[in-house]
There are 2 protein chains.
Amino acid sequence: MKSKPTSFDIAFRAGVSQSTVSRALRNSPLVNEETRLKVQAIARELNYKVDKNASNLRSQQSSTLALLLFEDPTNDDSLINPFFLSMLGSITKACSDKGYDLLVSFQQMNDDWHAEFEDSNKADGIILLGYGDFVDYEEKLIQLIEQDTRFVRWGAEVESLPIVSIGCDNFHGGYQLTEHVIMNGRKHFAFLGEASSHAPEFFDRYKGHCKALTDNQLSVNQACQIDAISTEDSGYKAALALIESGEPFDAIFGASDLIAIGAMRALQDNGYQVPEQVAVIGFDDIPMASFTFPSLTTAKQNTKLAGELLVDSLIKLIQGEPVKTTLMPTNLIVRKSCGS
Amino acid sequence: MKSKPTSFDIAFRAGVSQSTVSRALRNSPLVNEETRLKVQAIARELNYKVDKNASNLRSQQSSTLALLLFEDPTNDDSLINPFFLSMLGSITKACSDKGYDLLVSFQQMNDDWHAEFEDSNKADGIILLGYGDFVDYEEKLIQLIEQDTRFVRWGAEVESLPIVSIGCDNFHGGYQLTEHVIMNGRKHFAFLGEASSHAPEFFDRYKGHCKALTDNQLSVNQACQIDAISTEDSGYKAALALIESGEPFDAIFGASDLIAIGAMRALQDNGYQVPEQVAVIGFDDIPMASFTFPSLTTAKQNTKLAGELLVDSLIKLIQGEPVKTTLMPTNLIVRKSCGS
DNA sequence: CTGAAAGCGCTTACAG
DNA sequence: CTGAAAGCGCTTACAG
């Protein structure tokens, strides 16, 4: 491996000083057009690239963002939630559009977790995606704030903390989905997913769901809210528990598509017809939602826009501009699983 | 934002020299146990983190790998091939297991493409995933070799170049799938996907497919090989073209799951029963393959193992150890779309 | 518009 | 085992 050329090599060949090379390569207006062109030509010829470690060290910024993806440690380690995978895709694209590099890391929530990336100057800021239990997570967030780390997160607004969150309007999404199914004549709903402060997004969906019920003179059956995390397996088990409970139901709201898909399978394995006997709805609109049988009615979270908003917000934060928590609307996607 | 502590701050507080701090933090055996503990305690207290830009600059290595994901520019820009998304997930995990950071970048093949990452010392090596047309891509690979860039790629072996490729045994996978469908009594196959040196992986699958046909005394109908790129849409159109061609067929081999899924939809939209009239098989085993109706018989590429192999191989390459091109076996996953 | 010089925060010979 | 010093390759005041 031949050693890489430095700005001094360029300077020598161009017959100018190294400072001028540095300026020319960054298109500084301070440098003469002719000089600039000559320097750039030589740089291209030698296949010279600025050493990012040196320039970052000197200028104290890295043009790099870090994405920390937390997975629920209880989840089987081979699979990543497809919703997060879509987010990852859109964040990656948004970063390259903005000229930032993206450092990606998977974390377990139980890891010793100190926002290494920003502290070690590898990234200018951090995007947080996912978490296990929100109550545990919140402590970490407080640490980040104390360390003055610049970060944005995907999720529901955290009213108690000065944090920039980008998320969907889970309440309204839950309301809209439920209302749609009510219009189709269903009366006895079950909700599969944790509905507590440990999972604020699910909780908001549940609150919207309940509001739609009471607005339509239907009652909420507490016994039909069964905890589940966002995996197919967990949805399957929750639906099984629902069936065994003996409670009557003609509609299931899965707090996420994965839960809904698992629930649908549990229903079918136990002889229930979907949607004839039981309507099923999910949340997220992951790619496979359109391929299930029957295809899944759900609330679409726009991952493309979400990725762009996360990246834009973080860059503004880094540049010291004010940034606000944003709530994006969801789209009701009507397919076959709810009987209309 | 309070300014970050440096190794000099630690040195001052610990009453030792900055060199000693540097050694202590990297657990150098040269430093006294007691000194080391004291230094580390102070570092923790001040929440000190080594500045990566400085240490990388000095030590000339970054403990960072770059993943370049190329997408077919003809593809709709909102979607990333789910197969690559799985690979991305497993590569990310493999990197963190090995203590490397991962820089992720999406590229368009038509971009000015110079392996910036390694040249600018941001990454020690590069993983290449995907490409548009192999013939164009090959030129880029030659450039990389000329620049002595350390990289590994996902894909079929390139015999003509000294490149480390990690890929699946596409030939055998294609053979096995085809043989399975032949055993179920199908005789007239169509192959949807480009089968030429522009797409070596698809070509290998096609060759395995053809070999299985001739080994079983069936003939290959050239008119039934129709080009398609790895998208649902392209598969849909290719199947339409097949239908319009008037050629007889009772089985379709989609060169990827996405193609097969598109083809299945085209068949169903045109009144064909899958698998009763036409058996359909795919390749990859992307997550949605098990959710299609009917569920898709396919050859599974083990993305978890693939990610680990890519990362391990690249790290060995960086460390100057010999690395060989590896072919991983595929797994035949029999589901409902092939009628057995 | 250009150059000489300082310095970003580390790691690593070198000397003791 | 420890410290003083050099230097990684840039960017950026400062002076002209």
Side-chain angles (χ1 to χ4, degrees), chain A residues 1-40 42-43 46-64 116-124, chain B residues 1-40 42-43 46-64 116-124:
Chain A
M1 177 155 295
K2 51 205 164 206
S3 72
K4 295 188 169 125
T6 73
S7 52
F8 283 94
D9 298 321
I10 313 287
F12 179 76
R13 298 222 187 188
V16 297
S17 74
Q18 181 267 340
S19 333
T20 300
V21 170
S22 175
R23 291 190 191 98
L25 293 175
R26 281 173 301 112
N27 291 312
S28 161
L30 286 174
V31 70
N32 179 346
E33 171 81 6
E34 201 181 326
T35 315
R36 181 168 61 75
L37 259 25
K38 183 166 64 177
V39 167
Q40 292 182 343
I42 293 172
L46 296 187
N47 194 30
Y48 168 79
K49 292 282 154 22
V50 171
D51 184 306
K52 284 292 176 186
N53 289 133
S55 69
N56 291 345
L57 173 58
R58 180 55 232 245
S59 58
Q60 294 293 38
Q61 48 121 3
S62 64
S63 287
T64 300
E116 289 254 5
F117 289 114
E118 205 214 4
D119 286 343
S120 58
N121 278 351
K122 296 183 78 163
D124 297 333
Chain B
M1 176 154 295
K2 50 205 165 204
S3 73
K4 294 187 171 129
T6 72
S7 52
F8 283 94
D9 298 323
I10 313 286
F12 179 76
R13 297 223 187 188
V16 296
S17 74
Q18 182 267 339
S19 335
T20 300
V21 170
S22 175
R23 290 191 191 100
L25 293 175
R26 281 173 300 112
N27 291 312
S28 161
L30 286 175
V31 70
N32 178 345
E33 171 82 6
E34 203 182 325
T35 315
R36 182 169 61 74
L37 258 27
K38 185 167 62 177
V39 167
Q40 292 181 343
I42 293 172
L46 296 186
N47 195 30
Y48 167 79
K49 293 280 154 25
V50 170
D51 184 306
K52 285 292 176 186
N53 289 133
S55 68
N56 291 345
L57 173 58
R58 181 54 231 245
S59 57
Q60 295 291 43
Q61 49 121 9
S62 64
S63 286
T64 300
E116 290 255 5
F117 289 115
E118 206 214 3
D119 285 344
S120 58
N121 278 352
K122 295 185 77 163
D124 296 333

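Model, not experiment: these values are computed from the prediction. Residue numbers start from 1 in every chain, and the chains themselves are labelled A, B, ... in the order their sequence lines are given, proteins ahead of strands.
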| request: Could you tell me the separation between the CG atom of A:Asp51 and the P atom of C:dC8, rounded to a whole number of Å? | output: 18 Å
| message | Here's a test of your reading of the structure: between B:Arg36 and B:Arg58, which maps to the more 5' nucleotide of DNA chain D? | response | B:Arg36
| query | Any side-chain heavy-atom pair from A:Lys4 and A:Asn47 closer than 4.5 angstrom? | reply | no
| field | Distance-only donor-acceptor check, side chains A:Asn121 and B:Asp51, under 3.5 Å | value | yes
| message | Please tell me whether B:Thr20 and B:Ser17 have a donor and an acceptor in their side chains that are separated by less than 3.5 angstrom. | response | yes
| request: Map B:Thr20 and A:Leu57 onto DNA chain D by nearest heavy atom, then report which one ends up closer to the 5' terminus. | output: B:Thr20
| task | Could you state the atom-to-atom distance from CZ of B:Arg26 to C1' of C:dA13 in whole Å? | result | 13 Å
| In terms of the nearest nucleotide of DNA chain C, which residue is placed more toward the 5' end: A:Val16 or B:Asn56? | A:Val16
| query | Okay, side chain of A:Gln40, backbone of A:Ala24: is any donor-acceptor separation there less than 3.5 Å? | reply | yes
| field | Assigned partner base of D:dA13, Watson-Crick or wobble definition, under 3.5 Å | value | none
| query | Think B:Ser7 has a side-chain N or O under 4.0 angstrom from the OP1 or OP2 of C:dC10? | reply | yes
| message | I need the CD-P distance between B:Gln61 and C:dT12, as an integer number of Å. | response | 8 Å
| query | If you look at every strand shown and take non-hydrogen atoms under 4.0 Å, does B:Ser19 touch a base, only sugar-phosphate, or nothing? | reply | base
| Over how many whole Å does the gap from B:Phe12 atom CZ to C:dC10 atom P extend? | 17 Å
| message | By the 4.0 Å heavy-atom rule, please label B:Ser22 as base, sugar-phosphate, or nothing. | response | base
| message | Rounded to whole Å, how long is the line connecting atom CZ of B:Phe8 with atom C1' of C:dC8? | response | 11 Å
| query | Roughly how many Å is it from CG in B:Asn32 to P in D:dC1, rounded to a whole number? | reply | 6 Å
| task | Look at A:Ser55 and D:dC10 and indicate whether a side-chain polar atom (N or O) is within less than 4.0 Å of OP1 or OP2. | result | no
| query | Taking the side chain of B:Gln60 as its heavy atoms from C-beta onward, which of D:dC8, C:dT2, D:dT2 lies nearest to it? | reply | D:dC8
| message | Under the side-chain contact (heavy atoms from CB on, under 4.5 Å) test against B:Arg36, which residue among B:Glu33, B:Glu34, B:Lys38 passes? | response | B:Glu33
| task | Rounded off to whole Å, could you give me the CG-to-P distance for the B:Leu25 and C:dT11 pair? | result | 8 Å
| query | Rounded to whole angstroms, how far apart are CD on B:Gln18 and P on D:dG3? | reply | 11 Å
| said: Looking at B:Arg23 and D:dG3, is any side-chain donor or acceptor paired with a base atom of the opposite kind under 3.5 Å? | reply: yes
